[in-house]
There are 2 protein chains.
Amino acid sequence: MRDASLAEIRELALFRDIGEATFEALTRSAYHQTFPPQVTLIHQGQSADFFHVVTDGLVELVGNWNGRENTMVVLRPVSTFTLAACMTDAPYLMAARTIEQSRVILIPSSDLRAAFAADTAFALAIAHELANCYRGMVRHAKDMKLRTSRERLAGYILRQSALRGGASRFELPLEKRLLASFLGMTPENLSRALRALRDDGLAIDATHVTIADRAALDRVAHVTPLIDGPEPGAPDR
Amino acid sequence: MRDASLAEIRELALFRDIGEATFEALTRSAYHQTFPPQVTLIHQGQSADFFHVVTDGLVELVGNWNGRENTMVVLRPVSTFTLAACMTDAPYLMAARTIEQSRVILIPSSDLRAAFAADTAFALAIAHELANCYRGMVRHAKDMKLRTSRERLAGYILRQSALRGGASRFELPLEKRLLASFLGMTPENLSRALRALRDDGLAIDATHVTIADRAALDRVAHVTPLIDGPEPGAPDR
DNA sequence: CGAACCCTTGACAGAAATCAACTAAGGTGG
DNA sequence: CCACCTTAGTTGATTTCTGTCAAGGGTTCG
């Protein structure tokens, strides 16, 4: 891996507190690679060869079953995937595909497990990462099971706003069909839901989002950290 | 904690490989308590005081939002909950309630984190447990987003059969309204779905399940380890 | 310029939630 | 022992929501 990459990665929460020897062992056989958009990085069912860290771009985790496909997670930098599979040496449950051009670190899973055993600080960082992945998936499942599609959409918009420091105008970061899949609906349905939310303080022109009435939108979404996650930058409370 | 409990617990995968000192530190301030049915053990949003291990009985994890409620997980012995919250010192995302009389070990979260730092074998066991919880929730989310309610029900029946060594006749382990909630449908809908599956080789009389035509049922469910989990007892592959 | 592709819209069909009525079983208390 | 109440489950009627199908507009890209 190049020196510039190494310095950049060393600052990530996953690697910040670990020993120099561990860091070197982890990065010795690792790759930091750039991928074009729409490239499938891993397939579901494959054995867990690499632990992945998205450092730039946008990656989606996709579930497939019986000819159907669904976007389960959208990963922005800096995020990881395939950690649980690597730790348990089990097959990937989801495929991963770049949405836009992305840079990804690939760490052989055997090195990951060796570093876990050798470095307590790294073990703790891994456990935190696993716990956060779990909690993210619990939140997504709660979103799916407790909210209607309209409510999920309103919640998504407010989360995106929060990610941008509470901005009331921003661009949708995803293609609508991808967003629809992530929110558990069809593109047609998303289209209609977006129009319907105009009565609740949301205006959308193509990809340009304007929150006209935040309170009204939140009366639909009832945003809560127990589903929508903590405020960006804040600890998970 | 009583000696009988200690011996019993020592054999669990979580504690099997850890040092004697760690085990003693963990169990010194732990409780092994019996709870009646329908008791709420924890509420969502509470701070993570205890790590929990279900040793007997049946416990459900429940999500609440805006007056709605949904069963997210059903835990049979031996299973754990609140691990992710304890490791990250974050609030519980789900409430827990006993379904039937249950015995639960409660370990103070500070002790859990101390043991993680002190004992590498325990850290590894915790990481495996976290990874398995994550993968379980991914599977549940895939179940929800990729399958219809009828397909989920068929899958559930076949999983329950597999848990019983492939038995074709067994008793439903849950009240139907609880099962309906877990499967993401209403009780009325579950009733109808059960009748509809009679054409697909499933017969249900009250709580008594008979799989008349396993192949037909699997043509509906398309059981796969990537959603339904590994065969009981087998590693996750 | 044509070919994809994304998005939107409308019409329709199917699935699921809701509302309501009814049965059956279990528990309580007179 | 029986009347009464509560609760789980079923069934039917209805409405609401969502998916599907089809068509058309707009954009991008070879």
Side-chain angles (χ1 to χ4, degrees), chain A residues 36-38 58 60 65-71 97 99-101 143-154 156-157 171-200 202-209 220, chain B residues 36-38 58 60 65-71 74 97 99-100 143-157 171-200 202-209 220-221:
Chain A
Q38 296 299 325
L58 216 46
E60 59 172 332
W65 177 78
N66 198 28
R68 297 174 206 162
E69 168 169 322
N70 190 280
T71 299
R97 188 194 301 140
I99 295 173
E100 47 186 60
Q101 188 184 86
D143 205 17
M144 288 298 137
K145 295 185 83 174
L146 288 166
R147 293 215 265 228
T148 66
S149 60
R150 212 173 70 104
E151 292 160 348
R152 287 197 295 277
L153 174 56
Y156 177 84
I157 295 294
E171 299 296 311
L172 267 190
L174 304 176
E175 279 187 2
K176 286 183 182 169
R177 62 201 197 88
L178 205 153
L179 176 58
S181 176
F182 175 65
L183 293 177
M185 49 180 132
T186 57
E188 294 93 328
N189 226 331
L190 174 61
S191 238
R192 289 186 253 266
L194 282 169
R195 299 205 74 208
L197 282 180
R198 286 192 307 191
D199 300 336
D200 302 281
L202 177 66
I204 295 225
D205 173 34
T207 65
H208 191 74
V209 179
V220 178
Chain B
Q38 296 299 325
L58 216 46
E60 57 171 334
W65 177 77
N66 198 29
R68 296 173 205 163
E69 167 168 323
N70 190 280
T71 299
V74 176
R97 188 195 301 142
I99 294 173
E100 48 186 61
D143 205 15
M144 289 298 138
K145 295 185 81 174
L146 287 166
R147 281 180 175 152
T148 66
S149 60
R150 211 173 72 102
E151 291 160 349
R152 285 197 296 277
L153 174 56
Y156 177 84
I157 295 294
E171 298 296 310
L172 267 189
L174 304 176
E175 280 188 1
K176 285 182 183 170
R177 63 203 196 88
L178 205 153
L179 176 58
S181 176
F182 176 65
L183 293 177
M185 48 179 134
T186 58
E188 294 95 324
N189 224 334
L190 173 62
S191 235
R192 288 185 255 268
L194 282 169
R195 299 203 74 211
L197 282 180
R198 287 192 307 193
D199 300 338
D200 302 281
L202 176 66
I204 294 225
D205 172 35
T207 64
H208 191 74
V209 179
V220 177

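Values below: every heavy atom of this structure, side chains too, minus hydrogens, waters and symmetry copies. Naming: A, B, ... by sequence-line order, numbering from 1 per chain.
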Please write out each protein N/O paired with an N/O of nucleotides 20-22 of chain D under 3.5 Å, distance rounded to 0.1 Å.
unit_1: D/dT20; atom_1: O4; unit_2: A/Arg192; atom_2: NH2; d: 3.0
unit_1: D/dC21; atom_1: N4; unit_2: A/Glu188; atom_2: OE2; d: 3.3

| task | Determine whether B/Leu178 and B/Val74 make a side-chain contact, defined as any pair of heavy atoms from C-beta on separated by less than 4.5 Å. | result | yes
| field | Length of the line joining A/Met185:CE and D/dT16:P, which is rounded to integer Å | value | 20 Å
| task | Could you grab the distance from atom CG of A/Leu190 to atom OH of A/Tyr156, nearest 0.5 Å is fine? | result | 10.0 Å
| Can any side-chain N or O of B/Thr71 pair as donor or acceptor with the backbone N or O of B/Ser181 at less than 3.5 Å? | no
| query | First and last nucleotide of DNA chain C in contact with chain B, 5' to 3', at under 4.0 Å to a heavy atom: what are they? | reply | C/dA16 to C/dC19
| request: Round to the nearest Å and state the distance from A/Asn70 atom CG to D/dT18 atom C1'. | output: 15 Å
| Terminal axis angle for the helix from C/dC1-D/dG30 to C/dG30-D/dC1, five pairs an end, nearest 10 degrees | 30°
| field | Set of residues satisfying side-chain hydrogen bond (donor to acceptor under 3.5 Å, both in side chains) with respect to A/Arg198, sequence neighbours excluded | value | none
| At what distance, to the nearest 0.5 angstrom, does CE of A/Met185 lie from OG1 of A/Thr148? | 8.5 Å
| query | Side-chain contact, heavy-atom cut-off 4.5 Å: A/Leu197 with A/Ile204? | reply | no
| task | Measure the distance from NZ on B/Lys145 to P on D/dG19 and round it to the nearest whole Å. | result | 12 Å
| remark: 5'-most contact on DNA chain D (nearest-nucleotide basis), B/Arg195 vs A/Ser149, goes to B/Arg195
| said: Using 0.5 Å steps for rounding, measure from the CD atom of A/Glu69 to the CG atom of B/Leu146. | reply: 9.0 Å
| query | For A/Thr207, what residues pass the side-chain hydrogen bond (donor to acceptor under 3.5 Å, both in side chains) criterion, not counting sequence neighbours? | reply | A/Glu171
| field | Interatomic distance where NZ belongs to A/Lys176 and P belongs to D/dG25 [whole Å] | value | 18 Å
| Length of the line joining A/Leu153:CG and D/dC17:C1', which is rounded to integer Å | 15 Å
| field | Distance in angstrom units between B/Gln38 CD and D/dT7 P, rounded | value | 12 Å
| request: Measure the CG-CD distance between B/Asp200 and B/Glu151 for me, rounded to the nearest 0.5 Å. | output: 10.5 Å
| Contact check, side chains of B/Met144 and B/Arg152, non-hydrogen atoms, under 4.5 Å | yes
| What is the distance, rounded to the nearest whole Å, between atom CG of A/Leu183 and atom P of D/dC17? | 18 Å
| query | When the distance from CG of B/Leu174 to P of D/dG9 is rounded to whole Å, what number comes out? | reply | 10 Å
| said: Among residues at least two apart in sequence or on other chains, which ones pass ring pair (Phe, Tyr, Trp, His ring centres under 6.0 Å) with B/Phe182? | reply: B/His140
